[in-house]
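Values below: every heavy atom of this structure, side chains too, minus hydrogens, waters and symmetry copies. Note that the coordinates shown come from a computational prediction; the quantities given were computed from them, not determined experimentally. Throughout, protein chains are lettered first and strands after them, A, B, ... in sequence-line order, and every chain is numbered starting at 1.
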Protein chains: 2
Amino acid sequence: MTIRSPILILVNDEDLVFKALADPTRRALLDSLFVRDGQTLTQLESELEMTRFGVMKHLRLLEDAGLVVTRRQGREKLHFLNPVPIRLIHDRWIDKYTEGHTRALLDLKAELERDEPEDRT
Amino acid sequence: MTIRSPILILVNDEDLVFKALADPTRRALLDSLFVRDGQTLTQLESELEMTRFGVMKHLRLLEDAGLVVTRRQGREKLHFLNPVPIRLIHDRWIDKYTEGHTRALLDLKAELERDEPEDRT
DNA sequence: AGGATAGGTGACCGAATGGTCACATGTCAA
DNA sequence: TTGACATGTGACCATTCGGTCACCTATCCT
């Protein structure tokens with residue numbers, strides 16, 4: 001008999017993770033949870049220019065992908081950010097031996113952008 | 001007058017990166033380049049069940065996203081994996097103070113899966 | 001109890017995406 | 001120079017995706 005861990009369930013399907021990250025609204029939701037964890041649907045909706053139904057649909061995809069974990073509290077549903085799938089993406093294509101080079105490039109990039117700030121989505 | 005670095009051009013639009021990663025064929029291309037870097041279009045096509053045109057279209061998106069860098073050599077075009085955008089995704093949602101916890105969770109997951117191997121896409 | 005509030009379901013439509021093909025350009029090698 | 005090879009372009013079609021709405025269920029509070 002094998003024991004099935006909750007973590008295995010959280011990060012089951014990689015395709016769901018990448019599909020979930022492909023939408024800017026869903027990335028904004030992750031950003032919001034990164035700043036303040038455990039928000040409800042209504043709280044998250046108030047920060048976006050979208051209907052509640054749209055936000056709900058996006059949160060559903062994030063939850064299916066394991067990027068967001070939820071906990072019910074009375075009639076409210078709290079949403080929490082789960083960093084594990086993101087870390088797995090990193091580990092997939094970043095070689096441990098070349099990770100130093102990547103870090104060095106990013107440091108250089110930050111150095112250059114300090115003089116020339118650039119707008120991002 | 002400001003100097004525009006090549007690195008800034010490589011990682012310009014985050015949306016292109018996530019859209020590029022959202023397709024399983026494009027992820028397979030990155031996997032192939034991770035194993036053997038600098039492959040041509042024809043080499044990459046031979047590993048996939050798809051027309052040359054389809055593969056070309058996918059490589060175009062990966063290049064626009066900065067995930068793949070190319071170099072022409074005669075009539076051939078060599079493709080190289082660029083890890084910088086992946087590292088940026090990681091840094092966005094992995095807090096440096098909680099990174100240890102994430103690593104610990106993944107170690108535990110690996111421990112559990114050693115007894116119970118699971119198939120992935 | 002009963003109204004207000006938080007969350008959920010299924011259908012629907014316009015827009016974007018994945019994949020293929022006919023055709024075109026540039027390069028090597030005999 | 002001529003034919004073979006590697007790569008590129010634009011149009012086209014089936015499918016998927018993002019967002020909204022009408023309608024429904026569950027919980028809280030007076």
Side-chain angles (χ1 to χ4, degrees), chain A residues 13-33 36-82 85 121, chain B residues 13-33 36-82 85 121:
Chain A
D13 192 344
E14 64 150 51
D15 194 57
L16 294 180
V17 176
F18 288 105
K19 288 269 171 55
L21 290 175
D23 184 84
T25 303
R26 290 194 284 270
R27 291 196 297 274
L29 286 170
L30 293 181
D31 288 335
S32 177
L33 290 179
R36 184 156 61 106
D37 220 5
Q39 297 186 66
T40 69
L41 166 62
T42 314
Q43 286 174 330
L44 291 167
E45 173 205 348
S46 66
E47 304 175 18
L48 298 177
E49 304 280 332
M50 193 184 300
T51 329
R52 179 172 57 88
F53 310 97
V55 179
M56 202 185 323
K57 217 167 178 178
H58 286 302
L59 284 174
R60 168 66 182 271
L61 292 181
L62 287 171
E63 194 176 351
D64 289 346
L67 286 162
V68 162
V69 187
T70 60
R71 198 179 69 217
R72 302 229 43 155
Q73 196 169 69
R75 59 176 167 179
E76 292 182 337
K77 188 176 182 180
L78 308 182
H79 299 76
F80 299 89
L81 181 62
N82 179 30
T121 304
Chain B
D13 193 342
E14 64 150 52
D15 195 55
L16 293 180
V17 177
F18 289 105
K19 288 268 170 57
L21 290 175
D23 185 85
T25 302
R26 290 194 285 270
R27 292 196 298 273
L29 286 170
L30 293 181
D31 289 336
S32 177
L33 290 178
R36 182 155 63 106
D37 220 5
Q39 297 186 67
T40 70
L41 167 62
T42 314
Q43 286 174 329
L44 290 168
E45 172 205 350
S46 66
E47 305 176 15
L48 297 177
E49 303 280 334
M50 193 183 301
T51 328
R52 180 174 55 88
F53 309 96
V55 179
M56 201 185 324
K57 217 166 179 178
H58 286 303
L59 284 174
R60 168 68 182 269
L61 292 182
L62 287 171
E63 193 175 352
D64 290 346
L67 287 161
V68 162
V69 187
T70 62
R71 198 180 69 218
R72 301 229 45 152
Q73 197 169 68
R75 60 178 165 179
E76 292 181 338
K77 188 176 183 182
L78 309 182
H79 299 78
F80 299 89
L81 181 61
N82 178 30
T121 303

Next on the checklist: Distance check needed: C/dT27 C1' versus B/Q73 CD, whole Å only.
Outcome noted: 13 Å
Item to check | Evaluation steps, side-chain contact (heavy atoms from CB on, under 4.5 Å), between A/L41 and A/R52 | outcome: CA-CA 8 Å; A/L41 166 62; A/R52 179 172 57 88; 3.9 Å; yes
Checklist entry - Would you say A/T51 reaches D/dG19's phosphate, i.e. side-chain N/O to OP1/OP2 under 4.0 Å? => result no
Item to check | Residues in contact with DNA chain C, drawn from residues 38-49 of chain B - heavy-atom cutoff 4.0 Å | outcome: none
Next on the checklist: Donor-acceptor check, side chain of A/R27 to backbone of A/L21, threshold 3.5 angstrom: yes or no?
Outcome noted: yes
Next on the checklist: Looking at B/K77, I'd like to know whether one of its side-chain N or O atoms comes within less than 4.0 Å of OP1 or OP2 on D/dG8.
Outcome noted: yes
Checklist entry - If an axis is fit to five pairs at each end of the helix from C/dA1-D/dT30 to C/dA30-D/dT1, what is the angle between the two, to the nearest 10°? => result 30°
Next on the checklist: If you assign each of B/E76 and A/L61 to its closest nucleotide in DNA chain D, which residue comes earlier from the 5' end?
Outcome noted: B/E76
Checklist entry - Starting at CD of A/E63 and ending at P of C/dG7, how long is that distance when rounded to a whole Å? => result 12 Å
Next on the checklist: Between C1' on D/dG8 and CZ on B/R72, what's the gap in Å once rounded to a whole number?
Outcome noted: 9 Å
Checklist entry - Do side-chain atoms of B/R26 reach the backbone of B/K19 as a donor and acceptor pair under 3.5 angstrom? => result yes
Item to check | Rounded interatomic separation in angstrom, taking CZ from B/R60 and C1' from C/dG18 | outcome: 16 Å
Next on the checklist: Closer than 3.5 angstrom, by distance alone: can the side chain of A/E47 be matched with the main-chain N or O of A/S32 as a donor-acceptor pair?
Outcome noted: no
Checklist entry - Just checking B/G74: base, sugar-phosphate only, or nothing, at a heavy-atom cut-off of under 4.0 Å? => result sugar-phosphate
Checklist entry - Is there a donor on the side chain of B/R75 or the base of D/dT7 sitting less than 3.5 Å from an acceptor on the other? => result no
Next on the checklist: Could you check whether the side chain of A/R52 and the base of C/dG7 have a donor-acceptor pair of N or O atoms closer than 3.5 Å, going by distance alone?
Outcome noted: yes
Checklist entry - How do A/K19 and A/M50 order along DNA chain D: which one's closest nucleotide is nearer the 5' end? => result A/K19
Checklist entry - To the nearest Å, how far apart are A/D64 CG and D/dC17 P? => result 13 Å
Item to check | Salt bridge B/D64-B/R60, side-chain N to carboxylate O under 4.0 Å | outcome: yes
Checklist entry - Does B/H58 place a side-chain N or O at less than 4.0 Å from the phosphate oxygens OP1/OP2 of C/dT17? => result no
Checklist entry - Taking atom types as modelled, is there a side-chain donor on A/E76 or A/T40 under 3.5 Å from an acceptor on the other? => result no
Next on the checklist: Test your reading of the model: is there a side-chain donor-acceptor pair from A/N82 to the backbone of A/V69, 3.5 Å cut-off?
Outcome noted: no
Checklist outcome for this item: B/R27 atom CZ is separated from C/dG18 atom C1', nearest whole Å, by 14 Å
Checklist entry - Are B/V55 and B/T25 side-chain neighbours, meaning at least one heavy-atom pair lies under 4.5 Å? => result no
Next on the checklist: When you measure from the side chain of A/E63 to the backbone of A/T70, do you find a donor-acceptor pair of N or O atoms at a distance under 3.5 Å?
Outcome noted: no
Checklist entry - What is the distance, rounded to the nearest whole Å, between atom CG of A/L29 and atom C1' of D/dG19? => result 14 Å
Item to check | Derivation of the side-chain contact (heavy atoms from CB on, under 4.5 Å) call for B/L67 and B/L61 | outcome: CA-CA 9 Å; B/L67 287 161; B/L61 292 182; over 6 Å; no
Next on the checklist: If I take atom CZ in residue A/F53 and atom C1' in nucleotide D/dC17, what distance separates them, rounded to the nearest angstrom?
Outcome noted: 19 Å
Checklist entry - Of all the nucleotides listed (C/dG19, C/dG8, D/dT9), which has the minimum atom distance to the side chain of B/M56? => result D/dT9
